[in-house]
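Before any comments, here is the structure.
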Amino acid sequence: MTDGLLAAVGRGDPLALTVAPDGALTVASDAASAEVEIDDVARIEATIGPRWVWWSAASVAPVLEVVPVARAWDLAAVHRLVHGGWRAEPAVVWARSHGLDPDTVPVLRPPDLFDLGPAPADLVEPVGPDGHLRPEWTAGEWAATPARRARWAAAALDVAARQRDAVDSLAAIHPQALATARAESTAEVLCVELGAGGLPIDVAVAETIIGGIVGARPRSTAEADAQRAERDAAVLRHAPPGRTDLRNPAQVRSLLRRVGVEVDDTRAWRLEQLRDVHPVVEALLAWRRIERTATTYGYGWLDEHVRDGRLRGSWTGSDGAAGRMTASAGLHSMPADLRPAVVAEPGHVFVRADLGQIEPRVLAAVSGDRSLAAATRTDDMYAPVASQLGVDRPTAKVAVLGAMYGQTTGHGAQALRRLDAAYPVAMGYLRDADEAGQVGRSIRTYGGRLIRFGSTNANEVSERDARSRAAAMGRYGRNAMIQGAAAELFKRWAVTVRARLAGDGIPASIVLCLHDELLVHAPLDAAGAVAAIVADGLQQAAAGWAPDDSVRFVADLSVVPRWSDAK
DNA sequence: TCGGTCACGTA
DNA sequence: CGTACGTGACCGAG
């Protein structure tokens, strides 16, 4: 059945895959296409090992949840890499890869009594006379018949080839571009797997922690309301009489004014300074913490996102800015208080590792600063930087971070000047990014990701406004180059670990990616092997990623039964 | 019902 | 006046 289809497809060669809403699977090579079953996909993966091409990992999730695909070319992910931004639906991806303006993508008009739309004959072709994908196709008509599904898969192959050319062109200046495209694609696979697998949670422990903060689980809405009122009363007791809605910042501000506390806003860090001024401040801060747990990380959160002992959210491989992974369901912002509830299943442990001082090390690598690279040879690179600058370690750290983040306040100016003298290459790299941001000139990360700057807003209220906007864009540019490159390295690490676990047949899986931290759920007896893979995987990923071996990357690794046991 | 603002958890 | 994300409550416009 698939003989002609696969005749010329070898390991790593592109092979398109689509999944129709009704579950029909279509596979297409340059030569032919076929409707297949999921077992066929698994067999092709095992015997040939092609580079699977799809419009997006989410669009083939039913396959990815079953078949652990090794090689991928994710059109949406590569599109985001090459063209920046976040929108990456097929119509936009097609447009960009064909040199068309995405703003001219046709939209599907609602059915109109007097306009029956295109004749059915027109819908045979996926591409309209304007060169864009037909909106009827992108809206779902692509899946209507086997013939259309085949055309849709062929269109994906067409885009993949064009993207490959674009990536190859990029490689002249960004040698990592192709590797980045592949790693970002595989990271999308990992995202589907993370979403399906979830993070192991001991619900009983979680309930105990939440109960200790907000009280017992209410058994009715009346009880919930009473709990809420009691929380509020604990604050309002300290306030002058009169109704105040604690959930309304304006009213909180006026309450504070009535007790003699003047603030521009009521953010916690500001109120921290005023704890001693009036008892209501302390009560309010305590209320905020409890209210946060109750509303965002409380029983409702557990009920909504935890099933079968797993906390599940949806993952994206790349945000719209610098390219970090994102996750919903609070997976990336779970309060430290709740982490003791992240417990490995019986007979399992977590192998947990986080990258040490990743951003300054990445800066040393991507800028090619030999002096800063030399500092990365030590476990704590701020120590040699401090002695180089002739300042103490805390000052050196603040100076380096300030340079990377564009800090403008504080008294780091002196150290910043010394930084310029000691590490001119690294500082120049950051300054270039800052200037690009200020003038709205798009830039690319080390790995080739385009950082877009929207056209600067011409109608600023004032010169001062325009200046602060430009400064903000400058900081954004600095940060994006570092954060983005760090995200690229992190994903290389993650997909390397994933591949080696699969290659060694170890039934362990990555269950959390947290920007610079990797959490792997592993059978107890495989913990040592997994730890070795995680540690060595970093060296392997870094060796493939970095321009040379001058920068040392380090990970802090631990094997623990619960997440909070580490660190 | 929606987008904007404030606020806050994480890296 | 470090950036980024997701979430939830509230506001005011529609």
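Sequence lines set the chain letters: A, B, ... in the order given, protein chains first and strands last, and positions in each chain run from 1.
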Exercise. What would the secondary structure line of DNA chain C be in dot-bracket form, counting Watson-Crick and G-U wobble pairs under 3.5 Å, with [ ] for pairs that cross earlier ones and | for pairs with another strand?
Worked result: ..|||||||||||.
For the pair made of [atom1] in [X] and [atom2] in [N], what is the distance, rounded to whole Å?
X      : N      : atom1 : atom2 : answer
A:L514 : B:dT10 : CG    : C1'   : 7 Å
A:R267 : B:dC8  : CZ    : P     : 7 Å
A:L363 : C:dG2  : CG    : P     : 19 Å
A:L284 : B:dA7  : CG    : C1'   : 11 Å
A:L512 : B:dT10 : CG    : P     : 14 Å
A:L416 : C:dC1  : CG    : P     : 18 Å
A:I290 : B:dG9  : CD1   : C1'   : 16 Å
A:W315 : B:dA11 : CH2   : P     : 13 Å

Main-chain N/O of [Y] paired with [X] side-chain donor or acceptor, under 3.5 Å:
X      : Y      : result
A:E89  : A:W55  : no
A:H83  : A:V93  : no
A:R361 : A:G356 : yes

Exercise. Can a side chain N or O of A:T266 be found less than 4.0 Å away from OP1 or OP2 on B:dC6?
Worked result: no
Problem set entry | Within 6.0 angstrom of A:R310 CZ, more than 12 heavy atoms from elsewhere | yes
Exercise. Under 30°, 30 to 60°, or over 60°: which ring-plane class applies to A:W545 and A:Y446, parallel, tilted or perpendicular?
Worked result: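 A:W545 vs A:Y446 ring planes: perpendicular.
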For this session: Kindly assign one of parallel, tilted or perpendicular to the pair A:F490 and A:W493, based on the angle between their ring planes and the thresholds 30° and 60°.
Result: perpendicular
Seminar exercise, completed: Protein heavy-atom contacts under 4.0 Å, written 5' to 3' over nucleotides 5-14 of chain C as B (base), S (sugar-phosphate only) or - (none), form the string SSBSSSS---
Which part of the nucleic acid, if any, lies within reach of [X] when heavy atoms closer than 4.0 Å are counted: base, sugar-phosphate only, or nothing?
X      : answer
A:R288 : sugar-phosphate
A:A336 : sugar-phosphate
A:R339 : sugar-phosphate

Seminar exercise, completed: Which of A:T326, A:V192, A:L512, A:L190 passes side chain to side chain contact (heavy atoms under 4.5 Å, CB included) with A:W315? Answer is A:L512
Under 3.5 Å, side-chain donor or acceptor atoms of residues 275-286 of chain A against the rest of the protein: list the pairs with distances, not counting sequence neighbours.
unit_1 : atom_1 : unit_2 : atom_2 : d
A:R275 : NE     : A:E272 : OE1    : 3.0
A:R275 : NH1    : A:E282 : OE1    : 2.8
A:R275 : NH1    : A:E282 : OE2    : 2.3
A:R275 : NH2    : A:E272 : OE1    : 2.9
A:H278 : ND1    : A:V280 : N      : 3.0

Problem set entry | Rounded P spacing from C:dG2 to B:dG4 in Å |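 The answer is 25 Å between these two P atoms.
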For this session: State whether a side-chain donor-acceptor pair under 3.5 Å links A:E359 with A:Y405.
Result: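 Judged by distance alone, the side chains do pair up.
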